[in-house]
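For the numbers below, each heavy atom of this structure counts, side chains included, while hydrogens, waters and symmetry mates do not. Fair warning: this is a prediction, and the values are worked out from it, not measured in the lab.
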Amino acid sequence: MAQYSKDRIFLCTRVYVMPDSLRRFKADIFQALAHPTRIAIIELLDDGELSAGELIDKLGMEQANISQHLAVLRGKQLVANRKAGNQVFYSVRDPIILKVLALMRRYFQKHLKEALEMLDEMDKASAGTGQ
């Protein structure tokens with residue numbers, strides 16, 4: 001019985017350690033995605049790899065700025081890169097991140113729809129009271 005209790009304590013300790021490291025991992029990923037330009041880069045790569053020059057052209061931003069954002073995304077292993085001659089091509093490392101962004105889009109749309117419906121109800125209520 002003492003062995004069971006010891007194992008149970010170990011399991012409980014392990015349960016608390018794992019979620020914390022997982023939470024840190026998730027926070028790091030969301031931190032990397034916390035800038036609209038980095039999200040735009042990931043979304044542009046949804047159709048396949050693009051060169052750094054193509055990303056710069058599509059985003060209409062300075063090369064140094066895009067390079068900084070790409071460095072963050074590479075650092076968190078959200079994008080992969082390959083060199084071909086003097087060009088560097090980028091791609092999404094794992095398409096799961098595209099699904100995460102699609103889910104966030106759905107979340108936004110759902111809550112925007114709810115907010116618009118609430119505003120519509122408020123407008124109707126104000127019209128009914130003559131305000």
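Legend: salt bridge (charged side-chain N to carboxylate O under 4.0 Å, His left out) pairs involving residues 36-52, not counting sequence neighbours, sorted by first then second residue: Glu43-Arg105, Glu49-Arg82. Applying the side-chain hydrogen bond (donor to acceptor under 3.5 Å, both in side chains) test to every pair with at least one member in residues 85-102, sequence neighbours left out, gives these pairs: Arg74-Tyr90.
When the side chains of ILVMFWY residues are joined at heavy-atom separations under 4.5 Å, either directly or via intervening members, Phe89 and Ile56 end up in two distinct hydrophobic clusters. In this structure, Val88 is a member of the same hydrophobic cluster as Leu50, with clusters built from ILVMFWY side-chain heavy atoms closer than 4.5 Å. Linking ILVMFWY residues whenever their side-chain heavy atoms come closer than 4.5 Å, directly or via other members, places Val79 and Phe25 in the same cluster.
Listed by chain and number, the residues in a side-chain contact (heavy atoms from CB on, under 4.5 Å) with Asp28 are Gln31, Lys76 (sequence neighbours excluded). Applying the side-chain hydrogen bond (donor to acceptor under 3.5 Å, both in side chains) test to Gln77 and every residue at least two apart in sequence or in another chain returns nothing. Under the side-chain contact (heavy atoms from CB on, under 4.5 Å) criterion, Glu114 pairs with Lys110, His111, sequence neighbours left out. Evaluation of the side-chain hydrogen bond (donor to acceptor under 3.5 Å, both in side chains) rule for Arg106 yields no partner, not counting sequence neighbours.
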Quiz: residues 115-124 side-chain donor-acceptor pairs under 3.5 angstrom, not counting sequence neighbours:
residue: Asp120; atom: OD2; partner: Lys124; partner atom: NZ; Å: 3.4

Taking only distance into account, with no hydrogens and no angle test, what donor-acceptor pairs under 3.5 Å do side-chain atoms of residues 60-67 form with protein atoms, sequence neighbours excluded?
residue: Gln63; atom: NE2; partner: Ser67; partner atom: OG; Å: 2.8
residue: Asn65; atom: OD1; partner: His69; partner atom: NE2; Å: 3.0
residue: Ser67; atom: OG; partner: Gln63; partner atom: O; Å: 3.0

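Looking at every heavy atom in both residues, Leu59 comes nearest to Ala40 through CD2-CB, 3.7 Å.
With rounding to the nearest 0.5 Å, the separation of CD1 in Ile39 from CD1 in Ile42 is 9.0 Å. A distance of 10.0 Å separates CG in Leu78 from CG in Leu98, rounded to the nearest 0.5 Å. Atom CD1 of residue Ile41 and atom NZ of residue Lys58 lie 13.0 Å apart, to the nearest 0.5 angstrom.
Atom CD1 of Ile96 sits in a sparse spot, with 12 or fewer heavy atoms from other residues, nucleotides or ligands closer than 6.0 Å.
Leu70 is listed as a side-chain neighbour of Leu55, based on a closest heavy-atom distance under 4.5 Å. Contact check for Ile97 versus Ile29: side-chain heavy atoms found under the 4.5 Å cut-off.
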